[in-house]
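Letters A, B, ... are given to chains in the order of the sequence lines, protein chains preceding strands, and every chain is numbered from 1.
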Amino acid sequence: MAPSQAEPTPVETAPATETIAAPLLAWYAQAGRTLPWRDIDDPYRIWVSEIMLQQTRVDTVLNYYDRFLEQFPTLSALAEATEDQVLAAWAGLGFYRRARNLHRAAKTMISEHQGQVPSDPEALQTLPGIGRYTVGAILSSAHNARLPIVDGNVIRVLSRVFHLAGDPSRSAMQKELWRLAEAILPGDRPGDFNQALMDLGATVCHPVNPRCDTCPLQSLCLANKLGDPEDFPHPTRKTKVVFQQRAALYIRDRDGRMLLTRRPDAGLLASMWELPAVDLQDGEDPAAAVTTLLPSAKRARKIEPIGTVEHRFSHRHWTVHVFAAENPVASSPLDNDQRRWVHPDDLHEIGLPTATWKAVRLGLKLLDAEQRPGESPG
DNA sequence: AAGACGGGGGG
DNA sequence: CCCCCAGTCTT
């Protein structure tokens, strides 16, 4: 019913929390996405999906999820795998600590939680890599527990629907978001509701150009009423990017194997394999620095630059000067935990982070170029 | 409270 | 090139 003309224009008021669920669930029933971790009840598989999805888009996860579960079909299988196997399966997904935490948590679930993903929220959140969001996501999805979730999608939807001007990085705003996420959660089907909220954020309530015309919450959304949805949420501050020059060595033995070294077990790309490399000081000559990477102090004949690769992390930008060399040593023994010689055909067993792949590809291209001439067929 | 931690898709 | 994502943990 339209307000009387005589009355003053009412100040827009926030929608009642209980008005959200019905239209959202109705929309979800016909517009929700079909995903491999939907409509399943195996907490293990749901857990794996939620860890992969942390700060990672659905489309990216889809390239890993089935393969990972094929390799580690059960909680026991994951717990019994080696950390290197898990890291190899994770290679390219990023945030590698997720993989190590996943593996560690699996072992703990086997040893201290009767071989199950705990269904108790407090117990679950004790495990490494599982915070409040992931607890809510796993348990609401696997057991229909009435637990809220607040992720990037929910922050966007709620800050718009309720016109919340606060900075989501501040604890006061966080508290308000969790309070609202809990308040709008229906007693019935909280699992579907949480999934619906995220689908809405991902497919309709976009950061820019939100599709308000198709949104099931349009009529009650304050930002839509006031015409400023793109002003929400409060913009996040961006971290400053550090630029780093590096020199890397693609050294090949007589069997065509390349030397790989393992990164430190903490920090960036922890425990992942890469070509031997050094960080360069400002203005340092890469060609000079790279000679320190040779496995033998013997004269290195023929070190040649084969190109440069760029790799951008969220907070760091690498420029890697790649050099190629032949192993001055007759054979290439000495595989151990920190360095190993690997044939190109065996790289899949290790799993390389993307930054390493870019450098390795230069070396492989070199190999191709040497063989392609075909002037010496036999 | 702020920063570390990967990578990729889209404007 | 910039933004930012189905976050968690550390300092």
Side-chain angles (χ1 to χ4, degrees), chain A residues 32-33 35-38 46-65 87 90-102 104-105 124-141 147-157 167-174 177-178 181 191 193-203 205-210 230 232-242 263-272 274 310-318 351-358:
Chain A
R33 294 174 290 182
L35 299 169
W37 47 87
R38 290 260 170 92
I46 293 171
W47 170 44
V48 169
S49 78
E50 289 301 338
I51 301 302
M52 286 187 171
L53 286 162
Q54 288 171 0
Q55 294 290 287
T56 306
R57 286 182 167 74
V58 165
D59 285 347
T60 302
V61 170
L62 289 175
N63 295 325
Y64 286 81
Y65 185 67
L87 281 176
W90 205 269
L93 247 190
F95 286 127
Y96 297 100
R97 191 157 61 158
R98 292 183 296 176
R100 315 178 83 182
N101 284 338
L102 189 73
R104 282 205 294 144
L124 190 54
Q125 196 166 340
T126 300
L127 296 165
I130 302 180
R132 186 174 179 186
Y133 160 79
T134 304
V135 167
I138 293 173
L139 296 183
S140 70
S141 188
L147 294 169
I149 56 168
V150 172
D151 72 334
N153 289 309
V154 177
I155 291 171
R156 194 165 53 254
V157 171
D167 180 343
S169 70
R170 306 293 291 272
S171 58
M173 179 65 165
Q174 281 289 317
L177 287 163
W178 280 99
F193 179 83
N194 283 339
Q195 297 296 310
L197 208 48
M198 290 192 286
D199 272 18
L200 188 71
T203 67
C205 198
H206 300 302
V208 296
N209 298 323
E230 289 192 8
F232 299 86
H234 185 286
T236 59
R237 57 179 189 290
K238 50 181 176 183
T239 60
K240 196 163 55 178
V241 175
V242 173
R263 291 181 60 80
D265 68 2
L268 188 65
L269 304 176
S271 292
M272 302 300 286
E274 65 179 359
E310 304 280 333
H311 189 74
R312 180 186 295 275
F313 303 96
S314 44
H315 59 305
R316 202 165 290 261
H317 189 334
W318 281 357
L352 302 179
T354 302
T356 300
W357 261 119
K358 291 179 181 176

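Residue-level contact check: A/Phe313 touches the backbone only, with heavy atoms under 4.0 Å from sugar-phosphate atoms and none from bases. The residue A/Val58 sits close to a base: some heavy atom pair falls under 4.0 Å. Within the nucleic acid shown, A/Leu93 comes within 4.0 Å of at least one base atom, counting heavy atoms only. If you check every strand for non-hydrogen atoms under 4.0 Å, A/Gly267 touches sugar and phosphate atoms only. Counting non-hydrogen atoms under 4.0 angstrom, A/Leu35 reaches a base of the nucleic acid. Base contact: A/Ser314 has a heavy atom under 4.0 Å from a base atom. Contacts of A/Arg33 with the nucleic acid, taken as non-hydrogen atoms under 4.0 Å apart, include base atoms. A/Arg38 comes within 4.0 angstrom of a base, heavy atoms only. Looking at heavy-atom distances under 4.0 Å, A/Pro128 makes contact with sugar-phosphate atoms alone, never a base. Nucleic acid contact for A/Ile130: sugar-phosphate only, since backbone atoms but no base atoms lie under 4.0 Å from a heavy atom of the residue. Residue A/Trp37 is in base contact, counting any heavy-atom pair closer than 4.0 Å across all strands shown.
Within the shown strands, nothing qualifies as a pairing partner of B/dG6 under the Watson-Crick or G-U definition with both distances less than 3.5 Å.
Near-neighbour residues of DNA chain C inside residues 132-139 of chain A, defined by a heavy atom below 4.0 Å, number-ordered: A/Arg132, A/Tyr133, A/Thr134.
Spacing between atom CG of A/Asn194 and atom P of C/dG7 amounts to 13 Å, rounded to whole angstrom units. Whole-Å rounding puts the A/Trp178 CH2 to C/dA6 C1' distance at 11 Å. Atom CG of A/Leu177 and atom C1' of C/dA6 are 15 Å apart (whole Å). We find that CG of A/Asp167 is positioned 12 Å from P of C/dC4, with the value rounded to whole Å. A straight line from CG of A/Leu268 to P of B/dC5 spans 5 Å, rounded to a whole angstrom.
Remark: the A/Arg104 side chain and the A/Asn101 side chain contain an N/O donor-acceptor pair separated by less than 3.5 Å. A side-chain donor-acceptor contact under 3.5 Å links A/Asn194 and A/Ser140. Judged by distance alone, the side chains of A/Arg132 and A/Gln125 never bring a donor and an acceptor atom under 3.5 Å apart. A/Tyr133 and A/Gln54 share no side-chain donor-acceptor pair at under 3.5 Å. Side-chain contact annotation: A/Arg263 with A/Ser271, donor-acceptor N/O pair under 3.5 Å absent. A donor atom on one side chain and an acceptor atom on the other are not found under 3.5 Å apart for A/Ser141 and A/Arg38.
Phosphate proximity of B/dG7 to A/Arg57: absent, as no side-chain N or O sits under 4.0 Å from OP1 or OP2. The shortest distance between the side-chain N/O atoms of A/Ser171 and the OP1/OP2 oxygens of B/dA1 is below 4.0 Å. A close approach under 4.0 Å does occur between a side-chain nitrogen or oxygen of A/His315 and OP1 or OP2 of B/dC5. Remark: A/Thr239 is not in phosphate contact with B/dG3, judged by side-chain N or O atoms under 4.0 Å from OP1 or OP2. At least one side-chain nitrogen or oxygen of A/His311 sits closer than 4.0 Å to the OP1 or OP2 atom of B/dG7.
Between the side chain of A/Thr56 and the base of C/dG7, no donor-acceptor pair under 3.5 Å is found. With hydrogens and angles ignored, no donor-acceptor pair closer than 3.5 Å exists between the side chain of A/Gln54 and the base of C/dG7.
One P atom belongs to B/dC5, the other to C/dC1, and the distance between them is 24 Å to the nearest Å. Using P as the reference atom, B/dG6 and C/dT11 are 15 Å apart when rounded to the nearest Å. Across C/dA6 and B/dG10, the matching P atoms stand 13 Å from one another, rounded to whole Å.
Picking from B/dG6, C/dA6, B/dG7 the nucleotide with the shortest atom distance to the side chain of A/Ala355 gives B/dG7. Listed nucleotides C/dA6, C/dC9, B/dG6 differ in distance to A/Ala202; the shortest reach to its side chain belongs to C/dA6. Relative to the side chain of A/Met198, the nucleotides C/dA6, B/dG7, B/dC5 differ in distance, and C/dA6 lies closest. Of the candidates C/dT8, C/dG7, B/dG8, C/dG7 carries the atom nearest the A/Asp151 side chain, counting heavy atoms from C-beta on.
Checked against a 6.0 Å centroid threshold, the rings of A/Phe313 and A/His311 count as neighbours.
Around CZ of A/Arg170, the count of heavy atoms belonging to other residues, nucleotides or ligands within 6.0 Å does not exceed 12.
Nearest-nucleotide positions on DNA chain C place A/Arg156 closer to the 5' end than the other of A/Arg156 and A/Gly131.
A/Thr203 places a side-chain N or O within 3.5 Å of a backbone atom of A/Asp199 that can act as its donor or acceptor partner.
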